[in-house]
Amino acid sequence: MGVLNVTPDSFSDGGRYIDFGSAVARGVAMLAAGAAVIDVGGESTRPGADPVAGSEELRRVVPVIRELAAQGALVSIDSSKPEVIAAAIAAGAKMVNDVYALRMPGALEAVSSEVAVCLMHMQGEPRSMQKSPHYEDVVAEVGEFLAARLAACEAIGITRDRLLIDPGFGFGKTLQHNLELLRGLRQLTLQGLPILVGLSRKSMLGTLTGRAVDARLAGSLALAYAALEGGARMIRTHDVAETCDVVKVWSALRQCEGMA
Ligand code: 9MG
């Protein structure tokens, strides 16, 4: 899954794809590099980010989604607002990536029957989530939250075959929480749903390596490999070509294991 932030303030690529032409070109380039899905977002969810009005989010994302979908791309909408989710689906999005896991009033109802949904765990909200995250057992608590959101989806008719889950690395988590989640990822596969992870260039890599956001490729690829080993089946990334190489290497080794 390639990240396409049509925002002025995202932590890694904020401001680079804010106009229609550069956003579409970036989406097309990520498809050519091997992305299966383009995740289009119009509101930054980085720690400390200010909320954006729905009308502004719509203005940013809808034309880009319409154009990429018209070119045959499988587009995901990265949003939590019911009006944005509904408009994105009408414009051709086939997946909803919601960091609030459809908890906003009206969000469950906004998801129509033909789209997939990624339910992500977050403790708190982007503006304040990194102030003092706390868990007794992060892996168990994330698993319980995702199981409850899965039940809420099923209760409204969103069937399991359309769902993915995501532990939400960096969303209300310390470095230690993120590491424990990555080590314990396999436990989340017990939910029986595919796991999506977003680790690309995140601040945990800044802490671990001391590197600036645009120098975290090696760390991101190491985390992507670890996530695949832990059972992840979709990787959300800014660096599509390099991440596809990791997936190819991991797949080859896995097949080889199966033959032994
Ligand atoms: C929008 N967004 C930013 N980080 C993310 C992550 O880790 N997972 C998902 N699903 N979405 C994310």
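Just so you know, ligand 1 is whichever comes first in the structure, and atom 1 is the first atom listed for that ligand.
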- Query: Given that the side chain starts at C-beta and the backbone is N, CA, C, O, which of these parts of Val99 lies under 4.0 Å from ligand 1, counting heavy atoms, or is it both or neither?
  - Reply: side chain
- Task: Mark up the atoms of ligand 1 that fall under 4.0 Å of a heavy atom belonging to Thr45, in ascending order.
- Result: 1 (C), 3 (C)
- Message: Is it the case that atom CZ in Arg103 sees more than 12 heavy atoms from other parts of the structure closer than 6.0 Å?
- Response: yes
- Message: Please list the nearest protein heavy atom to atom 3 (C) of ligand 1 with its residue and the distance rounded to 0.1 Å.
- Response: Arg236 NH1, 3.2 Å
- Query: Any idea which protein heavy atom is nearest atom 8 (N) of ligand 1, and the distance to it?
  - Reply: Asp166 OD2, 2.6 Å
- Item | For Asp78, atoms of ligand 1 separated by under 4.0 Å from a heavy atom | 1 (C)
- Does the side chain of Glu57 come under 3.5 Å of the side chain of Ser79 through a donor N or O and an acceptor N or O? yes
- Task: Report, in ascending order of atom number, the atoms of ligand 1 lying under 4.0 Å from any heavy atom of Leu196.
- Result: 10 (N)
- Asn97 versus Ser76, side-chain donor and acceptor atoms under 3.5 Å: no
- Task: For Arg46, look at atom CZ and say whether over 12 heavy atoms of other residues, nucleotides or ligands are found less than 6.0 Å away.
- Result: yes
- Query: Does one side chain, of Ser112 or Glu114, offer a donor that lies under 3.5 Å from an acceptor on the other?
  - Reply: yes
- Item | Min N/O separation Asn97 to ligand 1 under 3.5 Å | yes
- Near Lys202 (heavy-atom distance under 4.0 Å), the atoms of ligand 1 are 4 (N), 5 (C), 6 (C), 7 (O)
- Message: Classify the ring geometry of His177 against Tyr135: parallel below 30°, tilted from 30° to 60°, perpendicular beyond 60°.
- Response: perpendicular
- Message: For a quick test of reading the model, state the closest non-hydrogen atom pair linking Thr243 to Thr237 and the distance between them.
- Response: OG1-OG1, 3.1 Å
- Numbered atoms of ligand 1 (with element) below 4.0 Å of Gly198, judged on heavy atoms: 6 (C), 7 (O)
